[in-house]
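Proteins get letters first, then strands, A, B, ... in listed order; numbering begins at 1 in each.
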Number of protein chains: 2
Amino acid sequence: MSSAKINAAIDNLKEAGVRITPQRHAILEHLIQSMSHPTADEIYKALEGKFPNMSVATVYNNLRVFKEAGLVKELTYGDSSSRFDCVTTDHYHIICDSCGKIVDFHYPGLDEVESLAESVTGFEVGRHRMEIYGVCPDCKRKH
Amino acid sequence: MSSAKINAAIDNLKEAGVRITPQRHAILEHLIQSMSHPTADEIYKALEGKFPNMSVATVYNNLRVFKEAGLVKELTYGDSSSRFDCVTTDHYHIICDSCGKIVDFHYPGLDEVESLAESVTGFEVGRHRMEIYGVCPDCKRKH
DNA sequence: TTATTACTTTATAATCGTTATAATTAGTCT
DNA sequence: AGACTAATTATAACGATTATAAAGTAATAA
Ligand SMILES: [Mn+2]
Ligand SMILES: [Mn+2]
Ligand SMILES: [Zn+2]
Ligand SMILES: [Zn+2]
């Protein structure tokens, strides 16, 4: 049930002193219920039926608020626009080169690579980023 | 000696039927001799002494030509501008969160993660991307 | 050599995602 | 209600990159 997750997120925000406006509720709801990794613009378009006057800046502003509250993570991909993920537990992504679909997948952290990099470069390592690219089952079928 | 690498790159381009203009030569030379991962704008600025009339579009155009010839790789990072790497053999990067420095480091490919992702998601995996983030020795010292 | 042709560079405008600004609106508190 | 604060909106600005069109340059054909 995603409404539980929505409520938890809202409680989290309230505790941080963030007002729950209708726009914020809708953006959060869309993020959680869509179960995907939408762009700011996709969220904006998905909600323009319900909020015909909402500004795209409101979407960006609130995504930043949610990020600062630790409720969403921003995924940045090269030239194109950022995507937002409301699953904040550690996981990796696999991305279809053909249709752009993004799928979560879990793998134990790459601690060994991190510690090797640390010893070889003298950096103090904080985090890493990894994605895998390929062709998804749907696109394989279409060939 | 980096001139050997420059000559090899030029031969490579000639073989692909690409004309070697003074601008192309200079961009290539800068990329190879700088031993770093410059942005298009950094290259543009580094060469404006020698080519006061060169257009920034020329830098972008030629970086694309070099990319298509397999001579450089583009590294894309979130919002900020792309960086270009003339080391095309497989390697990873570690990036300083404080000063932005990018350092190469080598590690055997993450074949295990790729094959697990393939079996779990049904994707046909082609490649992956990984970077490590942390604080470089210089920035650590400054604390 | 001259003419033709294709390629390259330049200058400039356009595009796109994102952020900044300022005015307006809406909550919150006393 | 009145005062204060935060949020939203509309719009402009920004920065990286790409598109366009004109002018220049090199290769090739006649
Ligand atoms: Mn995810
Ligand atoms: Mn490199
Ligand atoms: Zn696909
Ligand atoms: Zn540093």
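B:Tyr77 and B:Val135 fall into different hydrophobic clusters, where Ile, Leu, Val, Met, Phe, Trp and Tyr residues are linked whenever their side-chain heavy atoms come under 4.5 Å apart, directly or through other members. B:Ile27 and B:Leu75 end up in different hydrophobic clusters when Ile, Leu, Val, Met, Phe, Trp and Tyr side chains are linked at under 4.5 Å.
Nucleotide C:dT8 holds its C1' atom 8 Å from the CG atom of B:Asn62, rounded to whole Å.
Nearest to the side-chain atoms of A:Arg19 among the listed nucleotides C:dG27, D:dA10, D:dT8 stands C:dG27. Here the side chain of B:Ser82 is nearest to one of D:dA6, C:dT18, D:dT17, namely D:dT17. Among C:dA11, D:dA7, D:dA16, the nucleotide with an atom closest to any side-chain atom of B:Ser81 is D:dA16. With distances taken from any side-chain atom of A:Tyr60 to the nucleotides D:dT9, C:dT9, C:dT19, the minimum falls on C:dT19.
A close approach under 4.0 Å does occur between a side-chain nitrogen or oxygen of B:Arg24 and OP1 or OP2 of C:dT9.
Rounding to the nearest 0.5 angstrom, the gap separating the NE2 atom in A:His25 from the CD1 atom in A:Ile6 is 6.0 Å.
A:Thr58 comes within contact range of at least one nucleobase, with a heavy-atom separation under 4.0 Å. Across all strands shown, B:Asp41 has no heavy atoms under 4.0 Å from either base or sugar-phosphate atoms.
Side-chain contact annotation: B:Ser82 with B:Glu74, donor-acceptor N/O pair under 3.5 Å present.
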